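Data first, discussion second: the structure below is written as structure tokens.
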Amino acid sequence: MEIVYHERSNVFHLLNDTISYVMMVLPNGHLGQIYFGKKIHDRENLSDLLELAVRPMASYVFPGDREFSLEHVKQELPVFGTGDYRSPAVEICQENGSRISDFQYCSHHVEKGKPTLSGLPATYTEDATEASTLVVELMDPVTKVKAELCYTIFAEGGILSKSVRFHNAGSGPVQLERAMSLCLDLPDCDYEWLQLSGTWARERHIKPRKLTMGIQSIGSMRGNSSHEHNPFLVLKRPCATEQQGEVFGFSFIYSGNFLIQAEVDAHDTTRILVGIHPDTFSWRLESEESFQAPEAVMVYTDQGMNAMSQTFHRLYQKRLARGYWRDQVRPILINNWEATYFDFTEEQLLTIAQKAKECGVELFVLDDGWFGERSSDHAGLGDWTANTKRLPAGIKGLAERIEQIGMKFGLWFEPEMVNEDSDLYRMHPDWILSVPLRAKSHGRYQYVLDFSRKDVVDCIYKMMAKILKDAKVSYVKWDMNRSITECFSVTLPPERQGEVYHRYILGVYDLYDRLTREFPQILFESCASGGGRFDPGMLYYAPQGWASDDTDAVERMKIQFGTSLCYPISSIGSHVSVIPNHQVFRITPLHTRANVAYFGTFGYELDLNKLAGEEISEVKRQIAFMKEYRALLQFGIFYRLKSPFEGNEMAWMVVSEDKRTAIVGWYRILNVVNDRFTRVRLCGLDPGLCYQNTQTNSIRFGDELMNFGLVTSDVTAGEVPADKQPCVDFESRLYILKAVSISK
Ligand code: DGJ
């Protein structure tokens, strides 16, 4: 990896074995973009790739020159109002009301490794040789606002990360109205756009559309990254597949309001913007104050969608997630939520834990309902002390009893919320986000605490830290069950109210930071009514997240398949739950529920005492299987093979680094009578190795499995031979492939 600066042509070239990113200082002093894509040779005059044209109706920068128009050049920090009519990356409102600025190149320097972003989650390096960073400083000569554009290229993979820091070196205040983290101007628009969208219980479905002239965007203005849109975008060439072709991935390391948009102009160039949503953002910068915009990550590959995902998986698993749990296989847990909801006693919990222990489960998680006066969702949030009517010996006593059974103990919190019916609210009614004299919207009978206030965060921290210190807690599930409304903080002056959404999420990060530092051995799992804040920002603090409240195996296929576009398998919280399923009331076989949940952190969300004897034996086998293979399932190289968004079947697989072991998951949603012959073409195997298939006992070469495919035919529906089991709906199979030596 290298960062080259060509002084004569003023060109910057960031390159590694996979990608090149080329920029130059433009004739007007702005920073321009030249190229991002597959690695190209370096040369002094890459600046001659700058494309200019005489175009009627354009506005030009230099008198007499009819070529250099900001509307038609690719830029790093474009502004609106000086000739570029596309959406800008930055907007600064000044004391005289003007929003025009003019960011001129001042200087640059190169750093080894990657600097941290103060108060924000970000990717990191462990060793300075893993990445190099170019920092380019620009300044607007009138306001003296500086912009520090920070570009990190990693040594491995097609990864380029970008963030921006603004500093007001002027003498008066300015109002930052837009501070996008990334602007990428692509030279054409021949792309298919894929977004991960949905709603509660239907998160991160893959939604494709063709890029076309105009603006297309996804975003959130809910205060959390949201169930509706994930801060992630793929642009792929229409012919690109999972295995080949050009793909760009854009991911935003942030958990609050965001905007990702593509603007295709009249000449088919595409401007990508990624950043904090400008509609709910405004930041006062007094003289000598700074603002740090979060990090955006771009991945480029010409090897297809799987290669893009694998690059994100490696980066987010190893250089975004942190701490003790980053590299550890995850404990198999049982969570009492769907087993009891709010209706439990300590004895009942212990009975659930006892049975789970017998089956091999390692961690018991007590979900909502253990604190304050919480016997339903109407009361108690904010009062983080155990309800001793339910738990006579408190959390400490319960945790001890669980440990005595031989399991670890985990606990649910919803730190950012308060019920009106709570001691905390009665004591501090002004601690919530709300506008004085106006109605307060509630969601699930709760209000959102004003986490932009340090005193509020401090108080919640104290309550949580006390519990975590007193009791032996090994895992925390951090929930968030409503979005923000009436976003207003009584502690901030009028000109700073536009800062509240961002200050709120900084408060959330601060609390996560304090707790994860103080309790480094605790495994944190993020959650927001399922997958309402399943984003890279959360992954920095919590290496796994509850992917969705929908635990049905068939629904989960789409959710987990979509999630895998960006997020590693080790981060995807997935459990086996009861039938009929509690969200869609579907009845699926136990083995299919497990076969889906194995491709995640794995656990159970039911009372195992209610299962029949042969089901318990099956659960024991599942747990033994997961213990044997979880390192491979959670940390192996993951491939999507067949999409549930495109047909009746889904398949995916993981392969070990040395390619000697692989696990393939194959799933058929509805049974098909007298079906065609089917096979799945596998990926990532060693073509010259022979693999024994534990399901069929057959031995096949890797090249055969990858080209002819793994046979999954099942043509027995409608007529069942005596020696065969009848096929059913929601069928699935796992195939374990192990390299063996054979004599030819
Ligand atoms: C929403 C979560 O996603 C569920 O798993 C559960 O923890 C409930 N909240 C509890 O209120």
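Side-chain atoms are counted along with the backbone in the values below, which use heavy atoms only and exclude waters and symmetry mates. Quick note: residue numbers are just sequence positions, from 1. Treat the numbers as computed from the prediction; the structure is a model and nothing was measured. Ligands are counted one by one from 1 in listed order, and the atoms in each one are counted from 1 as well.
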Revision key, fill the gap. Pocket residues around ligand 1 (non-hydrogen, under 4.0 Å) come out as W337, D367, D368, W412, R444, K477, D479, N481, C527, S529, G530, W546, D549
Exercise for review: Could you check R668 against S732 for side-chain hydrogen bond (donor to acceptor under 3.5 Å, both in side chains), going step by step and ending with a plain yes or no?
Suggested key: CA-CA 6 Å; R668 182 178 56 212; S732 70; over 6 Å; no
Practice item. May I have the step-by-step check of side-chain hydrogen bond (donor to acceptor under 3.5 Å, both in side chains) for E420 and Y447, ending in yes or no? Key: CA-CA 7 Å; E420 192 160 9; Y447 297 128; 3.3 Å; yes
Review point. S571 side chain to Y567 main-chain N or O, any donor-acceptor pair under 3.5 Å?
Key: no
Review point. Can you say whether the rings of W384 and W370 are parallel (under 30°), tilted (30 to 60°) or perpendicular (over 60°)?
Key: tilted
Point to revise | Aromatic F534 / basic R204 pairing, under 6.0 angstrom, 45° off normal | key: yes
**Study point:** Backbone of L433 reached by a side-chain donor or acceptor of D450 within 3.5 Å
**Key:** no
